[in-house]
Amino acid sequence: MQPISAVNDFVVKFANVNGSGSASANELFARSVLRMGVPVASRNIFPSNIQGLPTWYEVRISGDGWLGRRGGVDLMVAMNPQTWDKDVAEIDKGGYLLYDSTRPIPASKFRKDVTPLPVPLTEICNTAYSDPRQRQLFKNIIYLGALAFVLDMDLEAVKWLIAEQFESKKKLIAPNLQALDFGYDYAKEHLKGVCGLKVKHADKVGDRIFIGGNDAAGLGAVYGGATVCAWYPITPSTSLAEAFTKHCKRFRVDPVTKKNKFAIVQAEDEIAAIGMVLGANWNGARAFTATSGPGISLMQELFGFSYYAEIPAVVFDIQRGGPSTGMPTRTQQSDLMLAAYSGHGDTKHVLLFPEDPREAFEFAATAFDLAERLQTLVLVMLDLDIGMNDWLCKPLAWDKDRKYDRGKVMTAEELEAGKEFGRYLDVDGDAIPYRTLPGTHPSKGAYFTRGSSHDRYARYSEDGGVYVEVMQRLLQKFETAKTLVPKPILHRAKEAAKFGALYYGSTSAAMDEALAALDGQGLHVDALRVRAFPFAEEVVEFINAHEQVFVVEQNRDAQLQKMIVNECAIDPARFISILHYDGTPVTARFIIKAIADRMNIGKAREAAE
């Protein structure tokens, strides 16, 4: 088997033990490649316990700029004996295996079609260090040094990043640089010319930034005017609330008095958190919570209250593997139907589907405008892949002249002038009533906020006709929302296509690569990236323009497809489900194979006829 040769186009995967201190070294590797001007896509696959279980960190190096998982591994850094067999089996034919060769490993544990890259990491550590913790931590830096040599990386770029990382702890810089040299020098002496994978300087990164979705969304909430966050810790959403706190301390502190102009409350549970959020929004603040599927389950009654009493609110759902506790540290897109129809009775909620951290920032700010414009709950549907991984994306942008859309808020002057106020009165046909904020006027504009049945003036009523009138207006308001949410984005194939594909969220990165590869195979597929619910008319038009439509999702039950069938009255036979839900981010290879297999079957049938 000929060893793989590639420049700026391969996958390196690190197999470690959780709690071994490997995360910083692995991330340092990814950032070093970026510093050389080569795009990377990193994915951290980790367990839900603190220490002891396996963890993986995958780095896609792509000079062409693909940012999704490709699938397969070209070079495995195998540091976990417990997962050795699985890790070795995952390597593509002709790939490479870097491992700790201090102790002999039986020949049966290796593959003949994989080139070994042995480095006696434990032996080097035991010789250089006496402290057990140092031996463990510096082992990671030593294999980083070995990688730098075998991949022909710029060693100075790695050293520069180490110095930058430990800027606040300067005494750690020298020993880390020494450990790096240990690995580099060993590989230089023993592994010269063995590896055909190389990283060469390029200029493909440009002004793009490397940022996680939760961090970007937290900053987007600040820019979107949020001043209140009530939350309860749950993986993988916790870091969003923490990011909001960090950014508020920078942007929401009075420069003169040094007083905070924000409120962050860690509630006793998710129910209390959403209750606080509704109270703050009712009072005129912009407030949100961040959670995941189990939290959404607990919040449902108050979601219904937000919908029926028409109180603005924003919720960030960082989706993870379910059901129940499920896989807390794995990614899925499995909360769509739960979120869209959350709450007993007839409810529908606005959902936004960002594709990466840049859109997470943008949609976070947009969500607050939509919530107040529509006077309803808006959920930003992130997932663990976007939220907890760093992505290479365009710089976050903000229009300094942008004004917040507070929606229909009746002022004291309007009330004083005698303008009619009915809290649930539709005055202009868009089904969105006016609201007042507490304290607007001393004697006018007050109303009772209730989750029980009410009329257009917020008066309690159990009259069936009055109830139907309010519920029909809420349905009409959802139609108005179609015109306000982000529009879908169309990707045309190189040639006329009978097949279409729908996708959304973090699937976008792998889908972009898959569509290009399919075009290259002569399999032409138009694609539409759905960015919001309710679905824009363009979604229906796209489906009707194609004989069959693939729907690519990261859940078991084809939730987006079912919602489109339900909401748009589309024949289910028009759809072909492409479903990936093992908890890891979907790969381009998976999508390519699934679509190509189905299209080739169709071509064979046409030829036979």
Side-chain angles (χ1 to χ4, degrees), residues 8 12-44 46 55-61 75 77 79 98-100 117 119-191 195 197-202 205 208-212 215 389-392:
N8 294 350
V12 178
K13 190 168 185 177
F14 300 84
N16 301 100
V17 176
N18 197 36
S20 63
S22 60
S24 59
N26 297 343
E27 184 178 335
L28 190 60
F29 171 79
R31 291 185 178 275
S32 297
V33 177
L34 276 176
R35 190 58 58 92
M36 293 178 66
V38 183
V40 301
S42 62
R43 298 292 189 275
N44 190 14
F46 57 99
T55 182
W56 293 270
Y57 188 81
E58 185 176 291
V59 180
R60 170 80 185 279
I61 297 167
L75 193 164
V77 181
M79 294 290 111
L98 192 152
Y99 66 99
D100 185 353
L117 303 175
V119 181
L121 297 167
T122 301
E123 180 182 324
I124 294 171
C125 287
N126 289 346
T127 301
Y129 311 106
S130 58
D131 180 80
R133 185 59 177 163
Q134 283 188 325
R135 288 175 173 176
Q136 182 183 51
L137 294 176
F138 286 127
K139 182 186 293 186
N140 304 314
I141 301 298
I142 292 171
Y143 70 61
L144 177 59
L147 278 175
F149 176 79
V150 299
L151 298 178
D152 200 22
M153 294 172 63
D154 183 346
L155 187 63
E156 292 306 312
V158 185
K159 290 183 175 181
W160 194 90
L161 281 170
I162 287 175
E164 184 181 81
Q165 181 170 316
F166 295 107
E167 174 64 27
S168 61
K169 300 178 180 179
K170 292 186 182 295
K171 66 179 183 180
L172 296 178
I173 295 176
N176 274 277
L177 292 178
Q178 182 187 48
L180 185 75
D181 285 335
F182 284 154
Y184 189 91
D185 292 343
Y186 181 89
K188 185 176 182 179
E189 182 178 349
H190 298 92
L191 299 176
C195 184
L197 306 176
K198 302 298 176 186
V199 181
K200 297 297 183 185
H201 275 282
V205 174
R208 287 183 288 179
I209 60 175
F210 203 46
I211 187 173
D215 194 6
N389 285 313
D390 287 334
W391 288 56
L392 188 64

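Listed by first and then second residue, the side chain to side chain donor-acceptor pair (under 3.5 Å) pairs involving residues 120-131 are Asp100-Thr122, Thr122-Lys139, Asn126-Arg135 (not counting sequence neighbours).
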Note to self: Does Lys159 form a side-chain contact (heavy atoms from CB on, under 4.5 Å) with Asp181? I'd like the steps, not just the answer.
What the structure shows: CA-CA 10 Å; Lys159 290 183 175 181; Asp181 285 335; 3.4 Å; yes
Next item on the list: Could you give me the CA-CA distance, side-chain angles and deciding distance for Phe182 and Phe138, then say whether ring pair (Phe, Tyr, Trp, His ring centres under 6.0 Å) is met?
Entry: CA-CA 10 Å; Phe182 284 154; Phe138 286 127; 8.9 Å; no
Checklist line | Stepwise side-chain contact (heavy atoms from CB on, under 4.5 Å) check, Val12 with Val77 | finding: CA-CA 7 Å; Val12 178; Val77 181; 4.2 Å; yes
Notebook entry, point to check: What do the steps show when you test Ser24 against Gln165 for side-chain contact (heavy atoms from CB on, under 4.5 Å), and what is the final call?
Noted result: CA-CA 9 Å; Ser24 59; Gln165 181 170 316; 3.8 Å; yes
Margin query: What verdict does the side chain to side chain donor-acceptor pair (under 3.5 Å) test give for Tyr143 and Asn26, after you've listed the backbone C-alpha separation in whole Å, the side-chain angles of each residue and the deciding distance to 0.1 Å?
Written below: CA-CA 10 Å; Tyr143 70 61; Asn26 297 343; 2.7 Å; yes
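Taking both residues in full, the closest heavy atoms of Ala163 and Ile173 are given as O-CD1, 3.8 Å, listed atom of the first, atom of the second, then distance. Among all heavy-atom pairs drawn from Asn8 and Val199, the shortest one is OD1-CA, 3.3 Å. Closest approach of Met36 to Lys200, counting heavy atoms only: CE-C, 4.1 Å. Scanning both residues, Cys125 and Ile142, for their nearest heavy atoms gives SG-CD1, 3.5 Å. Nearest heavy-atom pair, Val17 versus Ser20, reported as atom, atom and distance to 0.1 Å: O-OG, 2.7 Å. Annotation for Val119 and Ala146: closest pair CG2-CB, 4.1 Å, computed over non-hydrogen atoms.
Taking NE2 from His201 and CE from Met153, the interatomic distance works out to 9.5 Å, rounded to the nearest 0.5 Å. From Ile209, atom CD1 reaches atom CH2 of Trp391 across 13.5 Å, with rounding to the nearest 0.5 Å. Here the straight-line distance linking atom CD1 of Ile141 with atom CG of Leu28 works out to 6.0 Å at 0.5 Å rounding. Expressed to the nearest 0.5 Å, how far OG of Ser32 lies from CG of Leu155 amounts to 9.5 Å. Separation of atoms OH (Tyr57) and NZ (Lys13) is listed at 13.0 Å; rounding is to 0.5 Å. For the atom pair CD (Glu27) and CG (Asn389), the distance works out to 10.0 Å, reported to the nearest 0.5 Å.
Under the 4.5 Å side-chain criterion, counting only non-hydrogen atoms from C-beta, Arg35 is not in contact with Val158. In this structure, Leu144 and Leu180 have side chains that are in contact, with non-hydrogen atoms separated by less than 4.5 Å. A 4.5 Å side-chain heavy-atom check between Pro39 and Arg208 finds at least one atom pair inside the cut-off. Thr55 places a side-chain heavy atom less than 4.5 Å from the side chain of Asn44. Annotation: side chain of Leu147 is in contact with side chain of Leu75 (closest heavy-atom distance under 4.5 Å).
No side-chain donor-acceptor contact under 3.5 Å links Asp390 to the backbone of Ser42. A side-chain donor-acceptor contact under 3.5 Å links Lys198 to the backbone of Val150.
With sequence neighbours excluded, the residues that form a side-chain contact (heavy atoms from CB on, under 4.5 Å) with Leu137 are Arg133.
Under the 6.0 Å cut-off for aromatic ring centres, Phe29 and Phe14 qualify, their centroids lying closer than that.
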